[in-house]
Trainee: 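Here it is, the structure in full.
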Amino acid sequence: MCYNYSMDAQNILLIASAAINLGLWGLLFFRGRHKNTHLFFGFVAISAALWSGLTVGYRLPTDNILNWCRFVYAAAILVSLAFAYFSLMFPEAIKTNKFLLFLFSLPALAFIFLTISTNLVVADAFAADGSENKIIFGAWYVFYVLCFAGYFILSFVLLFINKRKLSGVARIRSEYILFGGFCVWIFAMLSNILLPLLDIFSLNWLGQVSGSLLIFLGTYAILIKRPMDSRTAAKKIIIYALYTVFVYGIFYFIIWLYIALFGGVYSSGAYLLGIITAPLFVMFFVWLNNKIKRITDRYLFPSLYSHQEAIAKLADELTNFIDLDKIVKSILKSIKETMQIEKAGILLVDRSSGVIKYEAPQTFGFNPDDLKFLMRGGFSTEYFSESSKVLIIDEIEPVDLEQNRELNQLSESMKLIGASLSIPMVIFGKLNGIIVLGEKVSGDPYTEEDINLLLTLSKQAAIAVYNAQLYREVQNFNKSLQQKIDQQTKEIKEAYEVEKQAHEELKKLDEAKNNFMLVTQHHLRTPLSVTRGYLDLLLKGVYGKIPKKVVEVLNIMEKSTRKEIDVVNDLLNVSPYQLGKAVIKIEDNISMIDILMKIVGDLKAEADKKNIYLKFEPSDDIPEILADKNQIKLALSNIVDNAIKYTKKGGVTVKISNEIFDTGEKELESVILIAVEDTGIGMSSEEQRAIFNKPFQRSKDIWKIDVVGKGIGLYISAQIIKAHRGKIWAESEGKNKGSAFFVQLPINKNSLKL
Amino acid sequence: MKKIKSAPKKILWIEDERELIDVYKCTLKEAGNFSVEFMRLGQSAINRIKEIERGSAEKPDLIVLDILLPDISGDVVLEEIKKSPATKDIAVFVLTNYSGEHMQEKVRERLKTDRYLVKTEWGPNKLIPLLKKILK
């Protein structure tokens, strides 16, 4: 026996086919042994491998060709049964009981038994020199063929019906499996069943080998998440076939040329020509490549879009717009037309309010509210922000749906509104919007190519939308800025008008006050000046000699008039404060010692008249301050004058000192403290509080003392001291225990910035 | 021996109160050697300034001016006096019962009056020596 002799190309193909089938079964097994689809397609793979494997044994030199032959034909029936079983279980297991399934399998099982153990199917088999083994078929062979073909036809019907009902990837899968199954069936029917009937056995291995095509296509369709669109696949196969034909043709043409010209391939002339022909070939190949693609696009697959074209077209459109609405419309239109989609919509994220909100500015076929409905709750936003992947309803793993309740909800919501997939638009790691698409008009699923295209488009869309949003934001900002400016201008204008009016009213009020004072002064003083004038003239003897007695009376009248004038002057002095008109005029370098000395000097006579003392105790370290010299003199003069008036015995002492107060703030405050102490009638604590507050407040016991009321004076003093940011207060131990008046004036120049 | 009588000093006195005119008239008569003319309206005083300008009236040696007059305010009259080159050098006393600080300031500092006197403080006996001193 010489195995080497028999290990021909067919056997190698058969062994490879069996190995491929087993390998693919292994893949299916490891990638999902619990899934029905994997399990039953696995059976198909194993039985196909078995068919090929047994054929190798049948074709090798052997003493028992008949038995090998019977096993091979039994294996073929097994393949048809496994395929039929699979079509019952794909994409979802048919609902039936085990007994019915047994009945379904019964014909195949029967023929396997009949083929192996009787000569009803395979009567005999024997080797033929230099060609394939020959077989003599039994009487029931025709039923065997019907059984084999029947299972396949039944499978095709089942798969075809299913395909019509299916959508998405499942539909593509069934297309692949249908195609693979059909190929095997055709090859097997021709080479293994019909040709042998015509006594042609030379291709009695082709069906087995073609089984691998089915197993390969099926496994690819089942395992790959997004199998290529069948038309695209066909297009690719055709293109590659054309390339192959071209390269093969050129190859032999050049060899023929070399031999014709140089007598062989390995001559110096051939090498030289090769240097020229090789680049020419490459250039020609590139040209042809484009040509072939264009030809296939135009004549074979006119409906298939070109990626580059779609992207370029959209990119071109997007660069023309900055308006958000136009961009969104353009994106959706482009996707919708390129892929022939029934429904499409775009959701944009609005972060302007600080909370993520969604808008649906453009939709085709979708209700905008439905789209927003998808994003309710935070899950969708989170999901798309994190994954930034396309969410395809068909491709969500059932396990994920079971485990993730929210994902399940999202997927159900998408199904409810007729959405097939959602593509997040992400820019700078942030979710910018979501494109939601419905099914294709054709019912075809989204392919890998579609998804890649959509991802590219969505990236472009995200950038364009982002730019448009920025642009819109800038526009809105400008708008609101202008509004704010307008508003503020208006407010300023209004405020100005109010101010102007207020100013005018104040001016009027000020004028009124001035007029009031003018008139008051005039009316109060004029009669007094007339009286005084005539008294002067009378006393001077202008109207003749006057008896001594009358002179005395006139003197009394003159004195009373003077007092009256003093009272009126006081009243007139206080009126600016009452009217809120008095203003102090601050000068620098005012010496309080000089002022107090002057006051004491002026009032000395008054004290002497009452036979009381008036002392001034100056101090060395008194700084000069900012003050209104005349006003401050008036204020202090009033206080000293008041002290003299209310003192009968003893006297008045004026003191000045430099004190430092802790104000509780950062800096210590340095002040001048002036004290006017008398030994007079004293004050109750009530009077101490009230004395500076009301202009006409007088000491209760005023009637006891022979003085003209001067309550106005202290009020004016208090107003002046306050206007200097100073303090004034009185202290007294009580009745007849004397009083002390204190005036505190700030030294810090800053405190007197008026 | 008879004193040689020098020419009387001319005073223009703008005052509207009849009683006060009477008092000042008597006072000046007593003081002697004054020629005084009283005017009761501000406008009369302004007219007089115009006449002096034209040379149709004599220039007084002193003007005594009240502020609160029946027609126009004394400070306006003072402004006219100081504006006219013919009268700007004449000494002006303001004798009034209005002692508003604002007015005093304006009259003293801006219009350079010689004195701002309050009538109640400056009775005739006190006023005459001052007039004499100025007119000497």
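Note that this is a predicted model, so its numbers are computed, not measured. Chain A is the first sequence line, chain B the second, and so forth, proteins listed ahead of strands; every chain is numbered from 1.
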Trainee: side-chain contact (heavy atoms from CB on, under 4.5 Å) with B:T120: which of A:L528, A:L524, A:T526?
Mentor: A:L528

Trainee: If you tally heavy-atom pairs under 4.5 Å against chain A, which of B:W122, B:Y98, B:Y24 wins?
Mentor: B:Y98

Trainee: Is it the case that more than 12 heavy atoms not belonging to B:R115 sit under 6.0 Å from its CZ atom?
Mentor: no

Trainee: Please enumerate all residues that pass side chain to side chain contact (heavy atoms under 4.5 Å, CB included) together with B:S35, with sequence neighbours excluded.
Mentor: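 Expected list: B:P8, B:K10.
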
Trainee: Which atom pair, heavy atoms only, marks the closest approach of A:R532 to B:P124?
Mentor: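 Nearest heavy atoms, A:R532 then B:P124: O-CD, 4.3 Å.
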
Trainee: List the residues meeting ring pair (Phe, Tyr, Trp, His ring centres under 6.0 Å) with A:Y534, not counting sequence neighbours, and say none if there are none.
Mentor: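 Residues passing ring pair (Phe, Tyr, Trp, His ring centres under 6.0 Å) with A:Y534: none at all.
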
Trainee: Contact part of B:E19 toward chain A, heavy-atom cut-off under 4.5 Å: side chain, backbone, both or neither?
Mentor: both

Trainee: If the condition is side chain to side chain contact (heavy atoms under 4.5 Å, CB included), which residues does A:V600 pass it with, not counting sequence neighbours?
Mentor: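 Testing A:V600 for side chain to side chain contact (heavy atoms under 4.5 Å, CB included), a comparison that skips the adjacent residues, returns A:L614, A:F616, A:V654.
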
Trainee: Consider side-chain contact (heavy atoms from CB on, under 4.5 Å). Of B:V23, B:D22, B:N125, which one does A:L537 pass it with?
Mentor: B:V23

Trainee: Of the listed residues (B:E17, B:E121, B:M103), which shares the most heavy-atom pairs with chain A below a 4.5 Å separation?
Mentor: B:E121

Trainee: Can you tell me if A:E587 has over 12 outside heavy atoms packed within less than 6.0 Å of its CD?
Mentor: yes

Trainee: Is there a side-chain hydrogen bond (donor to acceptor under 3.5 Å, both in side chains) between A:R525 and B:S99 once you walk through the steps?
Mentor: CA-CA 10 Å; A:R525 277 174 173 157; B:S99 61; 3.0 Å; yes

Trainee: Hey, is CZ on B:R18 packed in by over 12 heavy atoms from elsewhere, all under 6.0 Å?
Mentor: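 Counting neighbours around CZ of B:R18, 12 or fewer heavy atoms of other residues, nucleotides or ligands fall under 6.0 Å, so no.
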
Trainee: So, do A:Q521 and B:L68 sit near enough that their side-chain heavy atoms are less than 4.5 Å apart?
Mentor: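 No - every pair of side-chain heavy atoms lies 4.5 Å or more apart.
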
Trainee: Report the distance from atom CG of A:L538 to atom SG of B:C26, rounding to the nearest 0.5 Å.
Mentor: 10.0 Å

Trainee: If you count every heavy atom of other residues, nucleotides or ligands that lies below 6.0 Å from A:E499 atom CD, does the total exceed 12?
Mentor: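 Check fails, neighbour count at 12 or below.
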
Trainee: Would you please go through residues 540-552 of chain A and name the residues with a non-hydrogen atom below 4.5 Å from one of chain B, in numerical order?
Mentor: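 Heavy-atom contacts from residues 540-552 of chain A to chain B are A:K540, A:V542, A:Y543.
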
Trainee: If you draw a 6.0 Å radius around NZ in A:K629, do more than 12 non-hydrogen atoms from other residues or ligands fall strictly inside?
Mentor: no

Trainee: Got more than 12 heavy atoms from elsewhere within 6.0 Å of NZ, B:K126?
Mentor: yes

Trainee: Can you confirm whether B:K82 is buried at NZ, in the sense that more than 12 heavy atoms of other residues, nucleotides or ligands lie under 6.0 Å from that atom?
Mentor: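 Yes - once you tally the heavy atoms of other residues, nucleotides and ligands closer than 6.0 Å, there are more than 12.
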
Trainee: Write down the atom of B:N97, the atom of A:S529, and the distance for their closest heavy-atom approach.
Mentor: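 Residues B:N97 and A:S529, closest heavy atoms: ND2-OG, 3.2 Å.
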
